[in-house]
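These notes concern the structure reproduced below.
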2 protein chains.
Amino acid sequence: MGEAGPGHELPLRLFAAFRAAVDAVHDDLAAHGHPDLRPMHGFVFQAIGTRGTTAVELGARLGVTKQAAGKTIAALEQQGYVERAPDPRDARRKAVRLTPRGRDVLDRSARTFARVRAQWAEQIGPDRLDALEADLAALAPGEAFRLDAPGWFGPDR
Amino acid sequence: MGEAGPGHELPLRLFAAFRAAVDAVHDDLAAHGHPDLRPMHGFVFQAIGTRGTTAVELGARLGVTKQAAGKTIAALEQQGYVERAPDPRDARRKAVRLTPRGRDVLDRSARTFARVRAQWAEQIGPDRLDALEADLAALAPGEAFRLDAPGWFGPDR
DNA sequence: CCATGATCGACAACCTGGTTTACTATATGG
DNA sequence: CCATATAGTAAACCAGGTTGTCGATCATGG
């Protein structure tokens with residue numbers, strides 16, 4: 001018990017599991033018409049969501065400046081994942097919404113994450129998986145929907 | 001039970017816990033003479049280790065090209081974290097070793113990770129924490145010491 | 001009703017950490 | 001002894017961040 005081993009093993013295992021799930025998603029995406037998406041883009045698509053957003057709001061969600069968010073939006077628009085339309089109620093704003101192609105990414109991601117979860121439940125048992133999730137929630141409370149990984153990683157702050 | 005919620009919640013919780021541990025380490029480092037280190041550098045220092053390395057080997061461990069590893073080494077040398085010496089047995093090689101300042105980063109990181117682990121054990125109980133670690137090892141087997149996060153994140157492959 | 005200030009999106013210049021391509025110097029094996 | 005492989009370096013480029021600036025458009029208090 002408590003065979004702690006080197007202290008960094010647990011964090012690395014947390015990261016490895018996260019990464020395994022994300023890799024499963026991107027393997028599926030690459031095999032179905034979205035070969036150029038990187039792990040980082042997962043956060044971006046989640047942050048845009050089915051309801052759409054704006055550059056400022058996206059920047060806040062991703063933890064980056066609005067300029068960086070604007071560049072990301074322009075790139076995704078170029079690739080046909082999002083479209084921009086003027087906001088009729090505020091001429092300064094431009095609404096950013098997922099195209100059908102963009103929504104396909106979100107749908108596929110959700111399905112693959114669910115598939116991974118089911119597979120994990122098979123491997124360690126649903127009860128253990130629920131316990132794992134509950135314990136994680138206790139250790140990093142409330143932070144479930146923080147999507148600001150792009151700003152967290154990366155050189156600047 | 002098994003209230004799965006949206007499928008991406010579990011991966012995000014894994015990442016949030018990983019991030020909480022890494023943030024604790026970098027808060028401590030920033031407070032003790034290493035304010036400019038980013039989360040990414042943690043992987044670099046682990047990959048160099050107390051035994052030293054070379055540019056090619058470091059690149060392999062981090063999952064980047066030897067050129068990128070060389071740039072990273074040059075930057076860390078500039079900041080006094082590593083030093084380079086010619087390898088007497090192979091004039092092509094340059095041995096890269098941590099300076100005392102670099103070893104301080106490794107030592108502090110290990111201590112803080114251990115402290116975080118102890119705190120987590122208090123919060124959910126040592127038995128639950130051991131179970132969590134064992135389950136994670138089952139879900140992402142063998143991948144405990146993969147340090148190639150820099151290459152995994154980031155634009156190119 | 002309008003002047004002032006806040007907000008949204010864009011542009012430019014720059015930084016960091018990647019990549020590819022190309023090169024030199026040194027080992028190594030047939 | 002030479003052909004090939006390997007270690008490190010360098011140049012040009014790219015992606016995704018940053019700051020600073022700006023024009024256009026709200027929103028508000030006098």
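Only this structure's heavy atoms are used, side chains among them; waters, hydrogens and symmetry mates stay out. Source: prediction; values computed, not measured. Chain naming here is simple, since letters A, B, ... match the order of the sequence lines and numbering starts at 1 in each.
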Practice prompt. Could you state the atom-to-atom distance from CZ of A:F43 to C1' of D:dG17 in whole Å?
Written response: 16 Å
Fill in: Atom pair distance, as rounded to whole Å: CZ in A:R38 and P in D:dG16
9 Å
Practice prompt. Measure the distance from CG on A:D36 to C1' on D:dA15 and round it to the nearest whole Å.
Written response: 13 Å
Worksheet item: Partners of B:Q123 by side-chain contact (heavy atoms from CB on, under 4.5 Å), sequence neighbours excluded?
Response: A:L139, B:Q119, B:W120
Worksheet item: Does B:R92 have any side chain to side chain donor-acceptor pair (under 3.5 Å) partners at least two apart in sequence or in another chain, and if so, which?
Response: B:D90
If you look only at distance, which donor and acceptor atoms sit under 3.5 Å apart when one is on a side chain in residues 107-116 of chain A and the other is two or more places apart or in another chain?
{"from": "A:S109", "atom 1": "OG", "to": "A:V105", "atom 2": "O", "distance (Å)": "2.7"}
{"from": "A:T112", "atom 1": "OG1", "to": "A:R108", "atom 2": "O", "distance (Å)": "3.0"}

Practice prompt. Scan residues 41-51 of chain A for pairs that pass side-chain hydrogen bond (donor to acceptor under 3.5 Å, both in side chains), counting only residues two or more places apart or in two chains.
Written response: none
Practice prompt. Flag the pair B:R117 and B:D130 as a salt bridge only when some basic side-chain nitrogen lies within less than 4.0 angstrom of an acidic carboxylate oxygen.
Written response: yes
Worksheet entry | Sequence neighbours excluded, every pair satisfying salt bridge (charged side-chain N to carboxylate O under 4.0 Å, His left out) that has a member inside residues 60-77 of chain A | A:E57-A:R61, A:E77-A:R84
What's touching nucleotides 21-24 of chain C from the protein side, N or O pairs under 3.5 Å?
{"from": "C:dT21", "atom 1": "O4", "to": "B:Q67", "atom 2": "NE2", "distance (Å)": "2.2"}

Worksheet entry | Residues touching DNA chain D, which here means a heavy atom under 4.0 Å, drawn from residues 48-62 of chain A | none
Practice prompt. Return the set of residues passing ring pair (Phe, Tyr, Trp, His ring centres under 6.0 Å) with A:F15 (not counting sequence neighbours), or none when no residue passes.
Written response: B:F18, B:F43, B:W152
Fill in: Neighbours of DNA chain D within residues 70-92 of chain A, by heavy-atom distance under 4.0 Å
A:K71, A:T72, A:D90, A:A91, A:R92
Response to the item:
Residues passing the side-chain contact (heavy atoms from CB on, under 4.5 Å) test with A:A16, sequence neighbours excluded, are B:A140, B:E143
Worksheet, complete the sentence: Per atom distances to the B:A68 side chain, the nearest of C:dG17, D:dG8, C:dT19 is C:dT19
Worksheet item: In whole angstrom, what separates B:F153's CZ from C:dG18's C1'?
Response: 14 Å
Practice prompt. Calculate the interatomic distance between A:L37 atom CG and D:dA15 atom P; express it in whole Å.
Written response: 14 Å
Worksheet item: Rounding to a whole Å, what distance do you find between B:W152:CH2 and C:dG18:C1'?
Response: 16 Å
Fill in: For A:R19, all residues meeting side chain to side chain donor-acceptor pair (under 3.5 Å), sequence neighbours excluded
B:D148
Contacts table for residues 28-36 of chain A: side-chain donor-acceptor under 3.5 angstrom, sequence neighbours left out:
{"from": "A:D28", "atom 1": "OD1", "to": "A:H32", "atom 2": "ND1", "distance (Å)": "3.4"}
{"from": "A:H32", "atom 1": "ND1", "to": "A:D28", "atom 2": "O", "distance (Å)": "2.8"}
{"from": "A:H34", "atom 1": "ND1", "to": "A:Y81", "atom 2": "OH", "distance (Å)": "3.0"}
{"from": "A:H34", "atom 1": "NE2", "to": "A:D104", "atom 2": "OD2", "distance (Å)": "2.8"}

Worksheet item: Between B:R101 (side chain) and B:Q79 (backbone), is there a donor-acceptor pair under 3.5 Å?
Response: yes
Worksheet item: What's the CG-P distance between A:D148 and D:dT18, to the nearest Å?
Response: 12 Å
